[in-house]
**Student:** 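Have a look at the structure that comes next, please.
What you see is a predicted model; the values in this text were computed from it and never measured. Values reported hereafter were calculated over all heavy atoms of this structure, with side chains retained and with hydrogens, waters and symmetry mates removed.
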Amino acid sequence: MRLSRTQIIAGLTLLLTLAIAFLTGIVNSYIPLPWIQSHIWLVLVLLALFIILELFFTIKGVASNNSISQIKEDQFNDFLKTVSDAESEAQADPDFEHTPFIAGKLLEWQSIDARLISILNIQYNLDEYTVGTWQRRANNEALARLVLRLTHAIMPALTHSSSQESLKELFQLAAPTYVIAAGLGEWTDATRTAYTLALSFYEARESFRAKHWMAQMEKSLRRITSHEISDGLYSRFFDMKGIIARDFDGEKTTARKHLNDALVYAHRAKNPLAIKRITAHLATLEKKERNFAKAIELYKQALAITSPPNDLGATLECYEALGEIALNEENDADSAYNWYLQQLHLAERTIRPPHQVSAHRGLARTLLIKNTPDDIKQAYRHAREALGFEDKESNKNELYIFLVHIADLLLYQH
C-alpha cells in the first residue's frame with residue numbers, strides 16, 4: 001500500500017521522537033547530569049505528550065487523506081461526468097421544472113454531492129446548523145471544485161420549499177460549499193452561496209441564522225474587486241439587509257435606505273429581475289406603513305418589469321399583496337378574486353406550494369364575501385385545497401377552524 005505524504009512525515013517524526021527518548025535515557029543513565037536527573041519526570045511527561053500528539057495527527061491525517069488517495073482516475077471521471085450532466089440540465093432548465101424524471105436525478109446528484117463533501121472531510125451539524133472548516137491542499141482541490149460546480153447546478157432546485165426538511169437538505173450541501181469556496185478563494189461562489197442560505201433562512205423566519213449568513217455574504221463580498229460582478233451581488237446584499245430590517249427588526253427607515261441602495265446597484269448592474277424583486281420589496285414596505293396607493297403603484301410597476309421566466313417569486317408576491325389590499329382595504333371582492341386567481345394559476349404551473357396555499361385561502365375568503373350558495377361551496381373547496389398543501393401545524397389548525405366556519409355556513413343554508 002502506498003503511503004501518503006502526511007503519513008510518511010508523521011511516521012518519520014514518530015521515529016525521531018522515539019530516538020530522542022532513547023538517547024535521553026542513555027544520557028540519564030551514563031552521564032550524571034544533576035538537572036536532568038532531578039527533572040526526568042518532566043522530560044518523560046513532555047515526551048509522552050509529544051508522542052500522543054503525533055499519534056493523533058497521524059491518525060487524523062490517515063482519516064482525512066485515505067478516501068481521497070483511494071479515488072482512482074476512472075472513479076474521478078465518473079464524478080466529473082455526473083457534474084457535467086447536472087450542469088448541462090441546469091443550463092437548459094435552471095429550476096428543473098420541465099426536466100423529465102428529475103426527482104430521481106436530483107436525488108442522485110444530491111447524494112453524490114454529499115458523498116464528495118464527506119470525502120473532503122467537512123463536518124456539519126444539521127440540528128444546530130453549524131459547519132466546520134476546510135483547508136485547501138494539492139490532493140483535494142480537484143474534488144472541491146467538483147463540489148462547487150455540482151452544488152451551483154442543483155442549488156436553485158433545493159430552494160423551492162421553506163419546510164424544515166428542505167432547509168436541512170439545502171444546508172447539508174450549501175454550507176460546506178461556502179466553506180470550500182472561501183478556502184479556494186472563489187469569493188463570487190462564496191457570496192452567492194451565502195446569499196442563498198440567508199434568503200432561505202429568511203423565508204423560514206429564522207432571524208438569527210439569516211443574519212449570520214448575511215454577515216458571511218458581506219465578508220466574502222468585500223473580497224470581490226470587479227464592479228461588473230460586485231454590483232449585482234451588492235444589490236442582493238442590500239436587498240437582503242432591507243427585508244431583514246423590515247420584517248425582523250421593524251426598522252422601516254433603515255429598511256427603506258437599504259432597499260433604495262439595492263435598487264441603485266440593480267440598475268447599475270442592469271438586472272431586471274433584481275429591479276423587479278426590490279421594487280416589490282419596497283411596495284411591501286409601503287403596505288406595512290399603510291401607504292396603500294403607493295404600494296399598489298409599486299406592485300404594478302414591478303409586474304410590468306420583464307424578467308427571466310425561471311424566477312417568479314416577485315410576481316407571486318405582487319399578486320398576493322394586490323389581492324390582500326383589494327380584499328382588506330378597498331373592499332373590492334372582484335379585484336381581489338382576480339389577483340388571487342392569477343396567483344393560483346402561476347403557483348400551480350410552477351409548483352409553488354406555499355403560494356398555492358395563500359392563493360386558495362385568499363380565494364376562499366373572497367368568495368365568502370360574495371356569499372352566494374355557489375360561492376360558499378367554492379370557498380369550502382378552496383379551503384380544503386389550501387389545507388392539503390399546508391406544511392405547518394399552526395397554519396393547519398387555523399385552516400381547520402376556517403373549514404368548520406364554512407361548513408357551518410353551508411349547513412345554515414340547508
Side-chain angles (χ1 to χ4, degrees), residues 129-131 155-156 159 162 167 170-171 174-175 177-179 181-182 186-289 291 294-295 298-299 301-302 305 307 311 313-318 320-321 354:
Y129 290 110
T130 56
V131 63
M155 197 159 51
T159 60
S162 59
L167 192 57
L170 172 66
F171 179 86
T177 298
Y178 172 83
V179 171
E186 298 291 348
W187 300 113
T188 300
D189 283 329
T191 304
R192 288 172 177 160
T193 305
Y195 170 76
T196 298
L197 285 162
L199 183 60
S200 297
F201 279 117
Y202 161 80
E203 290 175 346
R205 293 302 181 258
E206 294 272 358
S207 170
F208 175 78
R209 294 186 176 101
K211 290 178 180 179
H212 168 78
W213 285 104
M214 185 180 69
Q216 300 305 110
M217 182 185 182
E218 184 174 18
K219 287 179 184 177
S220 53
L221 186 52
R222 287 174 179 169
R223 303 289 192 104
I224 300 173
T225 56
S226 169
H227 289 297
E228 187 176 346
I229 297 172
S230 66
D231 283 347
L233 293 173
Y234 267 114
S235 75
R236 293 186 185 187
F237 172 67
F238 282 112
D239 184 33
M240 193 77 250
K241 287 193 79 171
I243 58 178
I244 284 177
R246 183 193 69 191
D247 297 340
F248 292 154
D249 302 330
E251 297 176 356
K252 294 174 184 175
T253 302
T254 303
R256 188 182 301 279
K257 180 184 181 306
H258 289 322
L259 291 172
N260 283 324
D261 287 343
L263 200 55
V264 169
Y265 279 108
H267 279 291
R268 200 182 288 177
K270 298 178 181 178
N271 186 335
L273 176 56
I275 295 169
K276 184 170 191 169
R277 282 179 182 169
I278 298 160
T279 303
H281 293 159
L282 280 165
T284 300
L285 180 60
E286 297 293 348
K287 181 165 75 77
K288 282 179 175 288
E289 295 192 324
N291 300 323
K294 182 64 176 176
L298 287 172
Y299 280 128
Q301 184 179 321
I305 298 171
S307 61
D311 194 326
T315 301
L316 290 164
E317 179 183 344
C318 291
E320 181 178 355

**Student:** How long is the span from the CD1 atom in I278 to the CG atom in D239, to the nearest 0.5 Å?
**Tutor:**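 Here the interatomic distance stands at 4.5 Å.
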**Student:** For A302 and A280, which heavy atoms make the closest approach, and how far apart are they?
**Tutor:**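 For A302 versus A280, the nearest heavy atoms are CB-N, 4.1 Å.
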**Student:** I need the L259 CG to S235 OG distance, nearest 0.5 Å.
**Tutor:**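 Interatomic distance, L259 CG to S235 OG, rounded to 0.5 Å: 11.5 Å.
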**Student:** Please answer whether the main-chain N or O of A274 pairs with a side-chain N or O of N271 as donor and acceptor at a distance below 3.5 Å.
**Tutor:**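 Yes, the answer is positive, given that a donor and an acceptor are paired below the 3.5 Å cut-off.
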**Student:** Could you check D247 against K288 for side chain to side chain contact (heavy atoms under 4.5 Å, CB included), going step by step and ending with a plain yes or no?
**Tutor:** CA-CA 10 Å; D247 297 340; K288 282 179 175 288; 3.1 Å; yes
**Student:** Between R268 and Y265, is NZ or CZ placed under 6.0 angstrom from the six-membered ring centre and within 45° of the ring axis?
**Tutor:**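 Flagged: R268 positioned over aromatic ring of Y265.
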**Student:** Test your reading of the model: is there a side-chain donor-acceptor pair from R246 to the backbone of H281, 3.5 Å cut-off?
**Tutor:**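 Here the side-chain-to-backbone pair exists.
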**Student:** What distance do R236 atom CZ and D231 atom CG have between them, rounded to the nearest 0.5 Å?
**Tutor:**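 R236 CZ to D231 CG: 13.0 Å, rounded to 0.5 Å.
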**Student:** Distance only, no hydrogens: is a donor on one side chain within 3.5 Å (strictly under) of an acceptor on the other, for K219 and T191?
**Tutor:**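 No - no donor-acceptor pair under 3.5 Å links their side chains.
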**Student:** If you round to the nearest 0.5 Å, how far is OG of S200 from CG of L170?
**Tutor:**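 With rounding to 0.5 Å, CG (L170) is 4.5 Å from OG (S200).
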**Student:** State plainly whether the residues D261 and K241 are in salt-bridge range, i.e. N to O under 4.0 Å.
**Tutor:**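 K241 and D261: not salt-bridged.
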**Student:** Measuring only between side-chain heavy atoms, which start at C-beta, is F248 closer than 4.5 Å to R205?
**Tutor:**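 Of all side-chain heavy-atom pairs linking R205 with F248, at least one is under 4.5 Å.
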**Student:** Heavy atoms only: give me the nearest A174-T193 pair and the separation to one decimal.
**Tutor:**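 Taking A174 first and T193 second, the nearest heavy atoms are O-CG2, 3.2 Å.
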**Student:** Is any side-chain heavy atom of L199 closer than 4.5 Å to a side-chain heavy atom of T159?
**Tutor:**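 They are not in contact (no side-chain heavy atoms under 4.5 Å apart), so the answer is no.
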**Student:** Between D249 and K211, is there a side-chain N and carboxylate O pair less than 4.0 Å apart?
**Tutor:**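 Salt bridge flag = yes for K211 with D249.
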**Student:** Once you round to the nearest 0.5 Å, how far does CD1 of I243 lie from CG of L285?
**Tutor:**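 One finds 11.5 Å between CD1 of I243 and CG of L285.
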**Student:** Just wondering, do R192 and M217 contact through their side chains at under 4.5 Å, heavy atoms?
**Tutor:**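 No. Closest side-chain heavy atoms not under 4.5 Å.
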**Student:** Could you tell me if the side chain of M155 sits less than 4.5 Å from the side chain of L197, heavy atoms only?
**Tutor:**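 L197 does not reach M155 side chain to side chain.
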**Student:** Check whether any side-chain heavy atom of T315 sits under 4.5 Å from a side-chain heavy atom of K276, and report yes or no.
**Tutor:**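 Touching, per the 4.5 Å side-chain cut-off.
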**Student:** In this structure, is the centre-to-centre distance between the rings of F208 and F201 below 6.0 Å?
**Tutor:**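 That pair fails the under 6.0 Å test.
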**Student:** Could you tell me whether the side chain of W213 reaches within less than 4.5 Å of the side chain of Y202, counting heavy atoms only?
**Tutor:**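 In short, these two side chains do not touch, never coming nearer than 4.5 Å.
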**Student:** Check whether any side-chain heavy atom of N260 sits under 4.5 Å from a side-chain heavy atom of R256, and report yes or no.
**Tutor:**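 They are in contact (side-chain heavy atoms under 4.5 Å apart), so the answer is yes.
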**Student:** Taking side chain as C-beta onward, heavy atoms only, is L233 less than 4.5 Å from Y195?
**Tutor:**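 No, side chains not in contact.
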**Student:** Which value, rounded to the nearest 0.5 Å, describes the distance between M214 atom CE and L221 atom CG?
**Tutor:**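 Answer rounded to 0.5 Å: 12.0 Å.
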**Student:** Below 30° counts as parallel, above 60° as perpendicular, anything between as tilted: where do the rings of F238 and Y234 land?
**Tutor:**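 F238 vs Y234 ring planes: parallel.
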